Every structure is written in structure tokens, then in C-alpha cells.
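Along the sequence shown, residues are numbered consecutively beginning with 1. For the numbers below, each heavy atom of this structure counts, side chains included, while hydrogens, waters and symmetry mates do not. Since the model is a prediction, treat every value here as computed from it, not as a measurement.
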Amino acid sequence: MKDKVVLAYSGGLDTSISIGWIKENYKMDVIAALIDCGQPDDLEEAYKRALETGASEAVIIDGKDEFVNDFIYPSIKSNVKYEKNYPLATALARPLIVKKLVEVAKSKNAKAVAHGCTGKGNDQVRFDVGIRSLAPDLQIIAPQREWNLSRDEAIEYALKNNIKISVTKKSPYSIDENFWGRSIECGVLEDPWNEPPEEIYKWTKINKDPGASEYVEIDFERGIPVSLNGENMQGVDLIKKLNVDAGAYGIGRIDMVENRLIGIKSREIYESPAAEILIDAHRQLEAMVLDRELVHYKYLIEEKIAELIYYGLWFTPLKDSLMAFIDSSQEYVTGKIKIKLEHKSFRVTGRKSEYSLYVRDLATYDRKDKFDPSHSESFIKMFGYPYEILGRKGRINE
């Protein structure tokens, strides 16, 4: 009886050609695990393709609600963006996929798990470290890392072996999608000087007139978005609708050169309309209801959490400890944010909360002002004492 390996199968180029390679080189039966994280692909079609390509078995696992509740919501509460730009859509899905991959491997008594990550990307780290954290005894097989095929060679291999794929040499883009974001790389995008061709965009194809605009209102409860325009919605539905509504204006395009964990830089294109809006809306609500010291310290925590997620360190004590801090900070992050959607941009235009720390009578400059300016001179005097003393000692550089 052959040993079994569970392959994280997406139906894309890399995982499709991996099935035959594993069977040939490891003499194992391949179980293709398709984890539904909200990707728009036809998973039933991918299921059939896995079996046609040589998998002994295939399973589809619905992970959408778990993805929202256990991964996306914590990322909103944390306002996470890697290097202040990337909302981490792909990176957030990896620990969920790893968790499900290990569960399938244990239920099927598999000896190994496999993934289709290349040897120069971040995903290989996320998969390997996550698997070793949850199931240290499982063997890890990474065909693309061992095989080291170029993109063109991988396409040629698929064509030669009659493996159905969606990429071609004319359209060689590597795409990863779930409902939190879409990433596009390879092809002409590898030259950072090239403007991304309009053809690569799918979620943010503009179908609104340049002068068009509309308002959306988002309600949050304890840091979690719960309604859109007054309609209570489950997380999956809210995110999908916001992706469509904002994407129609071209909102959510990100073009960045980022620092990969393994030490090289890469040019990445992302489409994340809902993520961009929800994170900014949440941050603006926090600005209303959290005190200054908590807000400022939370910035530091958020940056570290973003790094941990990007680096594949989800299953770690540090991530758990920092998330406990984040959860504690969200007790009063409840309120409503109003956003104006416009051509390729959006902006927060209104915010309100019963827990707001904004006091108009203190902030106003009209005659209703209750702020006593006579206190300011003494405050400034004490605040500036250290620097006044340094100045008297001649230790301040001009």
C-alpha cells in the first residue's frame, strides 16, 4: 500500500503539475485538498481537474466563515498592512490552509503534505513553518522548490502532459485570490518601471463615470464591521459587496515593491477594495474612541503583527499575546463611519460613536469654547523644561 501525501491544491499551474511530479518522484498517492477561502474559481472544476491530472482523491473544504472570523476580523482590529501598504490577503489565508491541510492529513493517515510554492517566495515559509508548528512529524514536499522550473518551463510541462491550465506564455501572470484580496505578479510586472497594463485588473475594472460618487456607511461593533448602509450583514457578504461597490470606482489598487522575507525585493500588484476601506474606516473610528497613548502604542503593535503574518509566524506565542492586547483594545470600538467613494479614491467624511472621546465644547473655537487657555502656558513651560535646561547648558545643536 502506497504512502499518502495531501497536496494544497488550487487548480493553478504550480499545483496542477505537482500531482504528476510527486507520483513519479515520491511514489505516493496524492490527495488534493481544495480550501475555499472565497476565491472566485470554480472549485468543482478544479476538483475534477485534480482527479483527471492523477490525484487519487480530492476534497473541498469550505473555510470562508472561519477565514473571516479567525483571520480577517483580527487583521481589521489590528489595522494590519505590511510595509504600510499590503493588507496581507494571501498571507492571511495561508495559516488557515495549513490548518486544514494538517487536519486532512491526520484524518487520511497521510505521511506527508505538499504545496506548490516556489523557492524564492514567501509562501513556502508560511507553509513550512506552519506545518512544522502544527504537525512536526509530517514530511513536507515542495515540488516547485525541488524542481525549480521557470514559468515558461512549467507551462510547457503542463501543455506536454495535457494538463488543463489558464495561464499562457502571452498571459503568464501568477494570480492568487480570496475575497480579502487579489495578487498579480510575473510577466511585464517584473520590471518596476512598467506601468501595469489595464488587462491585469479584474476586481477594480472601472465602470463608473469619472465624476460619479456615492456614500457608504459602515457600522462596527467592538472593532468588527457588522452592517453596510444600515443593513446587517455577515462578514463574507459584507466584504463581497464592498469589493464590488468600491471596485467599480477603481478603488483598491496597490502597486508596490516589497521586501520579501527571504531577502529579495519583488514588485507586487494587489486589488483589495474592501480591505482598504474597512481598515481605514476602523482606524478612523479608533481615532475617535481610543485615548492618545493607546492609539500611539497600538501603532507599534500593529506593525509587528503585520510582520508576523507576512513572515508566516501565525502559530506563535508572540502573535497570540499581541492579539490578546488587540482584542482588549477593541472594547469601545463601536460606531459608524461614513465614506465617500469616488474615481480611484475614497475618503472618510463622517464618524460617530457613543464612546467618542471627541468633546466639541473643548475643540471648538467659537464662544461656546470651554477650554481654558490660561492652563496652556504652564503646561508648555513644564513640557519644555528639559530642552530649556539643555539650551542653557549649550547642548542644543542649531
Side-chain angles (χ1 to χ4, degrees), residues 6-8 10 33-39 61-106 113-118 121-138 140 142 145 176-181 183 223-224 235-236 239 258-262 268 270 272 275 278-279 282 298 300-330:
V6 179
L7 170 67
S10 67
L34 296 88
I35 318 301
D36 186 356
C37 298
Q39 58 269 41
I61 300 169
D62 186 350
K64 294 190 293 296
D65 288 334
E66 188 172 349
F67 185 36
V68 172
N69 295 326
D70 296 349
F71 297 89
I72 291 178
Y73 283 165
S75 78
I76 294 173
K77 293 178 183 179
S78 307
N79 300 317
V80 291
K81 286 188 176 184
Y82 180 67
E83 296 186 335
K84 305 188 186 303
N85 283 295
Y86 171 35
L88 295 166
T90 297
L92 276 169
R94 294 308 180 243
L96 172 62
I97 295 172
V98 164
K99 181 181 175 183
K100 298 304 179 184
L101 196 64
V102 169
E103 289 175 359
V104 174
K106 290 181 177 179
V113 291
H115 58 74
C117 306
T118 67
N122 301 302
D123 273 347
Q124 61 177 331
V125 182
R126 296 164 186 155
F127 273 98
D128 283 24
V129 174
I131 292 165
R132 288 167 58 197
S133 299
L134 299 182
D137 294 332
L138 281 176
I140 300 172
R145 190 166 60 202
D176 184 85
E177 293 181 75
N178 57 59
F179 54 73
W180 195 233
S183 65
I224 293 174
V236 173
I239 291 168
E258 69 187 41
N259 289 291
R260 287 186 175 176
L261 174 59
I262 61 170
E268 303 288 342
Y270 301 107
S272 302
L278 289 172
I279 290 173
H282 177 264
K298 190 170 179 285
L300 305 176
I301 302 299
E302 291 169 357
E303 188 167 340
K304 187 60 182 178
I305 291 174
E307 285 185 350
L308 291 174
I309 295 171
Y310 188 85
Y311 294 166
L313 299 176
W314 182 270
F315 302 107
T316 61
L318 177 56
K319 189 278 300 182
D320 291 343
S321 297
L322 295 181
M323 282 300 184
F325 169 89
I326 293 295
D327 283 339
S328 175
S329 75
Q330 299 301 291

Residue pairs, two or more places apart or on separate chains, that pass side-chain hydrogen bond (donor to acceptor under 3.5 Å, both in side chains) and touch residues 82-99: E66-K99, E83-N259, T90-D176, R94-D123, R94-D176
Do any N or O atoms from the side chain of N178 and from the backbone of A93 form a donor-acceptor pair under 3.5 angstrom? no
Checking the side chain of S321 only, and the main-chain atoms of P317 only, is there a donor and an acceptor separated by less than 3.5 Å? yes
Which heavy atom of [X] sits nearest to which heavy atom of [Y], and what is that distance?
{"X": "F67", "Y": "A89", "answer": "CZ-O, 4.1 Å"}
{"X": "G312", "Y": "V129", "answer": "O-CG1, 3.9 Å"}
{"X": "L138", "Y": "A105", "answer": "CD1-CB, 3.9 Å"}

For [X], which residues count as a salt bridge (charged side-chain N to carboxylate O under 4.0 Å, His left out) partner, sequence neighbours excluded?
{"X": "K304", "value": "E307"}
{"X": "R260", "value": "E185, E268"}
{"X": "D327", "value": "K77"}
{"X": "D36", "value": "K64"}

Flag if over 12 foreign heavy atoms under 6.0 Å of CD, E103: yes
side-chain hydrogen bond (donor to acceptor under 3.5 Å, both in side chains) involving [X] - partner list, sequence neighbours excluded:
{"X": "K319", "answer": "none"}
{"X": "E302", "answer": "N79, R283, K298"}
{"X": "Y310", "answer": "N122, E258"}
{"X": "S75", "answer": "none"}

Would you give the length of the straight line joining atom [atom1] of [X] to atom [atom2] of [Y], rounded to the nearest 0.5 angstrom?
{"X": "T118", "Y": "R145", "atom1": "OG1", "atom2": "CZ", "result": "9.5 Å"}
{"X": "D62", "Y": "L34", "atom1": "CG", "atom2": "CG", "result": "12.0 Å"}
{"X": "L308", "Y": "L318", "atom1": "CG", "atom2": "CG", "result": "5.0 Å"}
{"X": "I140", "Y": "H115", "atom1": "CD1", "atom2": "NE2", "result": "6.0 Å"}
{"X": "I72", "Y": "L92", "atom1": "CD1", "atom2": "CG", "result": "7.0 Å"}

Mind checking what makes side-chain contact (heavy atoms from CB on, under 4.5 Å) contact with S10, not counting sequence neighbours? T15
State which residues pass side-chain contact (heavy atoms from CB on, under 4.5 Å) with A33; sequence neighbours excluded, sorted by chain then number. V6, I35, V59, L101
Salt bridge present between D137 and K106 (N-O < 4.0 angstrom): no
Please identify each residue that fulfils ring-ring contact (aromatic ring centres under 6.0 Å, His included) with W314, with sequence neighbours left out. F71
Report yes if the side chains of P87 and V80 come closer than 4.5 Å at any heavy-atom pair, otherwise no. no
